[in-house]
Protein chains: 2
Amino acid sequence: MNVRNVGENIMNKKITIIEIAEMAEVSTATVSRVINNTGKVETGKKEKILELIEKYDYRPNQIAKALQARKSNTIGFVVPHINSPYYAGIFYETEIAAKKRGYTLLLCNSEADKRLESNILDTFVSANVRAIVFMGGRLDDMSIDKKYINEIEKINKKIPIISCVDIPELNCAQVYQEQKISADELLKHLSKEGYKDIALLGGYANIRTTAKRRKEIIENADRYGISIRKDIIESDYSVEGGNVAMQELLKSPQLPEAIICINDLVAIGALSETYKSNVKVPDDIAISGYDNLDISSFIFPGITTIACDYKAYAEAIVDMIQNIDNIAKNTRRTVQANLIVRGSTKRNA
Amino acid sequence: MNVRNVGENIMNKKITIIEIAEMAEVSTATVSRVINNTGKVETGKKEKILELIEKYDYRPNQIAKALQARKSNTIGFVVPHINSPYYAGIFYETEIAAKKRGYTLLLCNSEADKRLESNILDTFVSANVRAIVFMGGRLDDMSIDKKYINEIEKINKKIPIISCVDIPELNCAQVYQEQKISADELLKHLSKEGYKDIALLGGYANIRTTAKRRKEIIENADRYGISIRKDIIESDYSVEGGNVAMQELLKSPQLPEAIICINDLVAIGALSETYKSNVKVPDDIAISGYDNLDISSFIFPGITTIACDYKAYAEAIVDMIQNIDNIAKNTRRTVQANLIVRGSTKRNA
DNA sequence: TTGAAAGCGCTACCAT
DNA sequence: ATGGTAGCGCTTTCAA
């Protein structure tokens with residue numbers, strides 16, 4: 001039994017501009033003019049139209065509008081997993097910033113799956129989105145080949161793509177975080193606190209973002225009298241990854257004085273292991289992360305982290321979309337990251 | 001300088017069904033038939049059309065399709081904050097389940113703001129979404145009035161709304177978690193472990209979901225010889241909320257034997273405070289939460305929790321949308337929650 | 001200041 | 001099996 005279709009009257013049906021026009025005894029053109037504030041309309045008619053719109057709760061059909069305008073106000077957003085707090089943080093701020101400028105966001109999880117990712121891009125092309133924002137996934141993999149680059153660039157010819165990974169060989173708009181200055185800040189801080197023997201923990205070398213973070217740390221450690229251990233215990237980017245990697249590290253004959261984890265989740269996972277093993281943070285070992293998740297400041301001890309400026313990141317993305325038609329195709333924009341020191345690396349906290 | 005528009009050729013332009021038809025020397029109707037597999041088409045023509053589609057990377061314009069079909073494959077999803085892991089978890093699974101059935105999801109953060117929330121609903125109505133899934137926000141507030149109910153029900157006449165909060169007086173489809181059985185499980189477990197003096201921590205009484213959780217605990221405690229403290233220290237639903245509430249609780253002349261936190265984030269916040277104060281979990285005090293966030297099983301000790309079955313929840317939502325035209329308007333569906341015991345409440349862990 | 005009508009890309013109906 | 005065409009709801013000329 002179709003309950004929904006029983007007893008519908010005009011109030012329940014979606015009303016169109018035609019009906020408003022008929023009731024106001026004007027043309028649809030006139031109604032369109034008052035809706036969009038384009039062109040003059042006699043006050044009396046205008047009022048009547050506005051009244052009708054109010055009375056019947058009329059909303060212009062954005063689909064029809066998008067069809068005729070040949071462009072929509074929808075932005076496609078791809079992340080591997082929205083339940084990963086870093087991506088959720090970026091998306092959250094982006095949605096808020098975009099909403100202010102009249103955009104609505106489609107969100108898809110690529111699940112780091114190649115085929116899925118392609119399907120999503122197809123979907124976004126079909127949906128005629130205004131732009132596609134692309135985080136993680138294949139993009140973040142060092143091993144992407146010319147074929148993949150071509151696939152992306154081909155789409156980019158039809159629909160602007162914003163990559164949130166720094167890929168020099170990819171010709172599309174890119175927004176990503178600066179790593180050099182913040183790495184310096186972290187090294188300087190750790191050095192000042194007396195941590196000189198440091199290990200890196202978590203992440204995979206073939207992930208661009210990871211490689212970049214590691215590179216900046218390794219290349220600049222010398223200047224602060226810090227030595228970075230050659231062996232990096234790798235792991236995925238989750239708390240569990242941090243657990244596993246830290247269990248491994250704790251087997252070392254000689255613990256490092258500090259560990260720089262690839263992100264806050266891994267840092268939290270590592271921290272948890274120290275509790276199990278009765279290792280004291282930061283006295284026995286200091287721990288730092290990246291991203292500055294909410295939780296990082298509220299657990300004990302707080303996690304020192306290279307913070308992502310989520311708001312600035314989101315603004316940069318939306319701004320780029322806003323101006324996409326007036327900028328060079330390969331425009332790059334970086335967002336500043338900055339160090340936040342907390343108990344996990346402060347001996348006299 | 002508009003770089004994007006320089007040197008475009010036919011490969012870069014979005015191609016339409018008309019062009020495919022012309023090149024294949026058939027009518028658009030025929031092309032449409034092969035695209036949608038509706039009606040017979042001569043094999044030769046079919047192949048030629050398919051070739052052309054491949055060659056020019058043609059994708060049907062979903063906007064035009066949606067306009068003519070008078071319905072889209074888009075679902076609107078409203079949450080207060082997608083960077084809250086519980087909502088992110090539900091959304092994540094819903095997007096995956098929905099994608100399998102050809103839906104794409106629009107996601108908006110209501111930021112628990114009344115005006116914003118209304119705007120979002122307007123946006124979704126304008127966007128002609130197939131259904132609107134609604135979590136938290138005003139919906140979850142006890143104090144919603146008849147006016148609000150009317151607003152929602154009015155929209156529900158045009159577009160199916162799925163409420164993820166149990167609201168008896170609201171006439172729309174609803175999907176929410178069962179609380180009774182899982183409360184029983186938790187009480188039974190705590191009782192068996194010897195925790196009889198228990199306090200509730202976090203949340204606000206005027207939030208429906210919170211009130212329901214508390215009610216099921218309070219009403220069933222007796223049966224397990226458990227006494228629930230009358231005073232509930234309230235807080236928001238974050239780790240920080242857990243910090244603040246726990247600091248307050250730790251001032252009590254006599255600590256309870258266990259605390260049931262309103263969610264895992266609050267539980268984690270509470271746990272962190274115990275580290276600061278050198279209170280042992282679970283020996284001095286046991287801690288449990290709700291939701292079963294990923295992190296809850298990987299910190300130390302693991303957090304005992306009443307787990308949300310995210311996948312089942314998502315399936316229920318998408319299933320409801322799929323069948324929305326064939327079910328009664330006020331259809332309710334519940335998702336089973338179940339207890340997961342971890343170190344935070346297990347004395348001999 | 002206003003309206004008639006073309007057209008956005010697609011599907012579905014009606015002919016053939 | 002195939003094509004012509006109306007029409008989805010809207011905006012935007014072009015005339016008046």
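Here is how names work: the chains are called A, B, and so on, in the same order as the sequence lines, proteins then strands, and each is numbered from 1.
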Of all heavy-atom pairs between B/F124 and B/V78, which one has the smallest distance, and what is that distance? CE1-CG2, 3.6 Å
How far apart are the closest heavy atoms of A/N156 and A/N171, and which atoms are they? ND2-O, 3.3 Å
Roughly how far, to the nearest 0.5 Å, is the CZ atom of B/R130 from the CD1 atom of B/I321? 9.5 Å
Can you see whether A/D141 engages A/S143 through a side-chain donor-acceptor pair at a distance of less than 3.5 angstrom? yes
Quick one: do the B/R33 and B/S27 side chains pair a donor with an acceptor below 3.5 Å? no
Looking at A/K45, does any N or O in its side chain come under 4.0 Å of the phosphate oxygens OP1/OP2 on C/dT2? yes
Give the rounded distance in Å between these two atoms: [atom1] of [X] and [atom2] of [N].
{"X": "A/N37", "N": "D/dT12", "atom1": "CG", "atom2": "P", "result": "13 Å"}
{"X": "B/K71", "N": "D/dG9", "atom1": "NZ", "atom2": "C1'", "result": "18 Å"}
{"X": "A/E42", "N": "C/dT2", "atom1": "CD", "atom2": "P", "result": "5 Å"}
{"X": "A/E25", "N": "C/dT1", "atom1": "CD", "atom2": "C1'", "result": "17 Å"}

Relative orientation of the end axes in the helix from C/dT1-D/dA16 to C/dT16-D/dA1, expressed as an angle to the nearest 10° (five pairs per end): 40°
Treating primed atoms plus P, OP1 and OP2 as sugar-phosphate and everything else as base, which nucleotides of nucleotides 8-15 of chain C get B, S or - for protein heavy atoms under 4.0 Å? BBBBBB--
Against B/F77, only a single residue in B/Y103, B/Y87, B/F91 fulfils ring pair (Phe, Tyr, Trp, His ring centres under 6.0 Å); can you say which? B/F91
Parallel, tilted or perpendicular: which describes the rings of A/Y92 and B/H81, with under 30° parallel and over 60° perpendicular? tilted
Between A/E95 and A/K99 (salt bridge meaning N to carboxylate O under 4.0 Å), is one present in this structure? yes
